[in-house]
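For reference, the structure is listed below as structure tokens.
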Amino acid sequence: MSTEIDTDAVAARAARAARPFAETEPRARAAALVAVADALDAHAAELIAIAMRETGLTEARLTGEVRRTSNQLRLFAEVIVDGAYLDARIDDADPGYVIGPRPDVRRVLEPVGPVLNFAASNFPFAFSVAGGDSAAALAAGCPLVVKAHSGHPELSRRTGELVAEALAAAGMPDGVFQLVAGQQAGVELLQDERIRAGAFTGSTHVGRLLADLAASRPRPIPFFGELGSVNPVYATAGAVDADPELLQGFLASVSGSAGQLCTKPGFLFVPRGAQLGPVGETAAGVAEHRLLNPGIGRAFEERRGAVLGAPGVTVLAAGEVRVDDAEQRFATPTVVEVDLDTLREHRDELLEESFGPLSLIVRYDDAAALPGVQRELFPGNLTSTLHASDAELEGGDLAELVDALAETSGRVLFGGWPTGVSVTSAMQHGGPYPATTTDATSVGTAAITRFLRGVAYQNAPQAVLPAPLRDDNPWGVPQRRSAAGRSAGWGSLTGEH
């Protein structure tokens with residue numbers, strides 16, 4: 001995978017593929033995604049071995065991630081065949097329409113065109129070359145260019161080969177999938193007028209730079225960046241008293257994959273005086289884990305130092321960071337405690353995301369203050385979590401806090417912990433800025449909508465209409481129809497021919 005990239009040629013190939021790919025019959029495109037999934041599963045052992053060497057992640061973690069990656073490709077294949085995602089709407093001409101004569105208007109969602117996806121470091125499969133953003137773009141019918149992450153170049157190259165071979169064997173147009181490497185290539189392609197949307201998973205700093213580039217183009221394009229989140233967790237007195245496993249669950253979520261997960265809980269709020277248990281002793285039982293690469297390791301060391309050096313911080317679990325001869329860092333959990341006043345007073349030192357196994361326990365006095373805390377300190381999150389007893393929830397005293405969590409988060413959890421994002425049709429993995437640049441999901445089948453745009457056809461002859469809007473409905477997709485004589489409400493919703 002050379003870093004000497006002819007980005008003009010890459011963009012040209014993607015642009016040439018755009019219309020042929022958009023017009024592929026749904027079952028053919030779905031079969032192509034399944035072929036990619038089958039290729040990943042067939043080569044899982046080879047790919048996992050490479051990923052372990054390049055990222056330091058465990059075999060068990062990576063095995064699950066490959067399964068997640070192939071499964072989401074198959075889920076998107078089902079979405080394509082179902083066709084409801086196209087949201088095909090037909091308003092038949094109606095000269096007697098209540099507000100005046102109505103023309104024949106038909107609307108459908110169509111692919112936006114070539115998509116550039118910046119792969120992530122912390123999920124070398126699920127948010128990388130063949131991961132969620134890639135799967136969603138291909139499912140939508142958009143040619144895809146992936147900018148590989150420098151943290152796992154060999155894995156990216158091998159995965160890219162498998163994806164390209166599977167798509168070609170399935171008969172997809174030339175240029176539907178391409179892989180590039182290097183920061184400069186990514187920037188050049190993001191600014192190329194033939195690229196029509198961007199996706200990114202990574203740091204707030206880099207994501208914001210790329211989002212600003214996408215917005216400042218002569219023809220701005222949508223940019224879907226996941227920039228990180230601190231994922232606050234609130235526990236009431238009733239929850240702490242009722243759940244003796246609260247501390248263990250918290251530390252498992254903080255330390256899993258060395259805390260290098262975008263949904264890791266960065267803050268746990270508990271009442272002053274509540275007894276969690278021996279934090280330091282429990283954290284000491286967690287084995288060290290390698291951080292993904294030297295750059296991430298150095299950044300974690302600096303962030304950890306800033307937190308430990310902040311005024312008013314009590315160290316509950318000191319953890320440690322060990323450096324080997326290759327400059328790789330190996331870390332154990334660091335947990336500190338502050339009170340709410342200290343968190344507010346020293347927010348500059350304490351509120352930034354710590355990408356690694358570090359979290360803060362915050363002591364509060366009055367649960368009634370928590371909605372204001374959430375809105376003030378955590379305005380944009382991928383997740384927020386509430387641990388409360390059934391009696392506390394049913395009593396209504398926490399209703400305002402639930403509202404605050406929903407206003408400021410993409411996913412609100414009741415009990416449990418935010419790490420371990422399920423790939424489902426109802427999943428929302430996004431949130432208000434700064435969690436994402438555009439509040440849309442990058443996980444689950446709803447992610448396909450990011451790479452579609454609505455087009456309406458008025459009084460168009462059947463011969464020129466897209467297949468999903470034709471009366472004979474050759475693709476058999478659901479059509480929402482408002483027939484003449486129906487001035488209010490929807491007509492039939494059918495996928496019948």
Side-chain angles (χ1 to χ4, degrees), residues 118 120-123 127 149 151 200-211 224-234 250-251 253-269 289 291-293 295-310 313 317 319 321 329 331-338 342-344 346-362 373-385 405 408-411 413 417-421 429-439 442-443:
F118 291 82
S121 63
N122 61 333
F123 280 87
F127 280 88
H149 196 279
F200 170 85
T201 301
S203 71
T204 300
H205 174 68
V206 174
R208 183 57 191 265
L209 288 175
L210 295 175
F224 301 95
E226 182 203 299
L227 310 186
S229 178
V230 296
N231 309 300
V233 177
Y234 297 90
F250 166 64
L251 286 173
S253 192
V254 168
S255 61
S257 296
Q260 299 168 116
L261 301 172
C262 51
T263 52
K264 182 206 74 181
F267 296 86
L268 171 61
F269 287 77
H289 194 299
L291 298 175
L292 289 164
N293 58 59
I296 285 176
R298 287 190 293 270
F300 175 70
E301 274 193 299
E302 293 174 6
R303 180 77 196 113
R304 178 174 173 271
V307 171
L308 292 176
V313 166
V321 179
R329 269 71 172 174
T332 53
T334 298
V335 181
V336 304
E337 183 176 288
V338 297
T342 299
L343 180 64
R344 280 193 164 113
H346 298 287
R347 64 184 69 190
D348 290 344
E349 297 98 324
L350 298 176
L351 283 181
E352 183 181 337
E353 180 185 15
S354 298
F355 193 67
L358 185 153
S359 189
L360 286 77
I361 294 175
V362 184
V373 170
Q374 177 75 6
R375 292 184 174 108
E376 174 193 355
L377 301 181
F378 307 109
N381 312 277
L382 295 172
T383 76
S384 292
T385 302
L405 301 185
T408 56
S409 312
R411 178 164 55 110
L413 292 81
W417 301 96
T419 46
V421 182
H429 188 68
Y433 184 85
T436 56
T437 56
T438 303
D439 193 353
S442 61
V443 176

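Residue numbers start at 1 and run along the sequence shown. None of these values were measured; they are calculated from a predicted model.
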Check whether any side-chain heavy atom of [X] lies under 4.5 Å from a side-chain heavy atom of [Y], and answer yes or no.
X	Y	value
Q374	S384	yes
S359	F250	yes
R344	V373	yes
W417	V254	no
H429	L382	yes
N122	F355	yes
F378	L351	yes
T201	C262	no

Item to check | H346 and V313: CA distance, side-chain angles, deciding distance, side chain to side chain contact (heavy atoms under 4.5 Å, CB included) verdict | outcome: CA-CA 10 Å; H346 298 287; V313 166; over 6 Å; no
Next on the checklist: Distance alone, cut at 3.5 Å: any donor-acceptor contact between the side chains of E353 and T204?
Outcome noted: no
Item to check | Donor-acceptor side-chain pairing of N231 and T263 below 3.5 angstrom | outcome: no
Would you say the side-chain atoms of [X] pair up with the backbone N or O of [Y], donor to acceptor, closer than 3.5 Å?
X	Y	value
T436	T438	yes
K264	S257	no
Q260	L292	yes
R208	H205	no

Checklist entry - How far apart are the C-alpha atoms of F267 and L377, what are their side-chain angles, what is the distance that settles it, and do they pass the side chain to side chain contact (heavy atoms under 4.5 Å, CB included) test? => result CA-CA 11 Å; F267 296 86; L377 301 181; over 6 Å; no
Checklist entry - If you look at every heavy atom in G319 and R304, which pair is closest and at what distance? => result O-NH2, 3.3 Å
Checklist outcome for this item: Which of P418, S253, P265 passes side chain to side chain contact (heavy atoms under 4.5 Å, CB included) with T385? Answer is P418
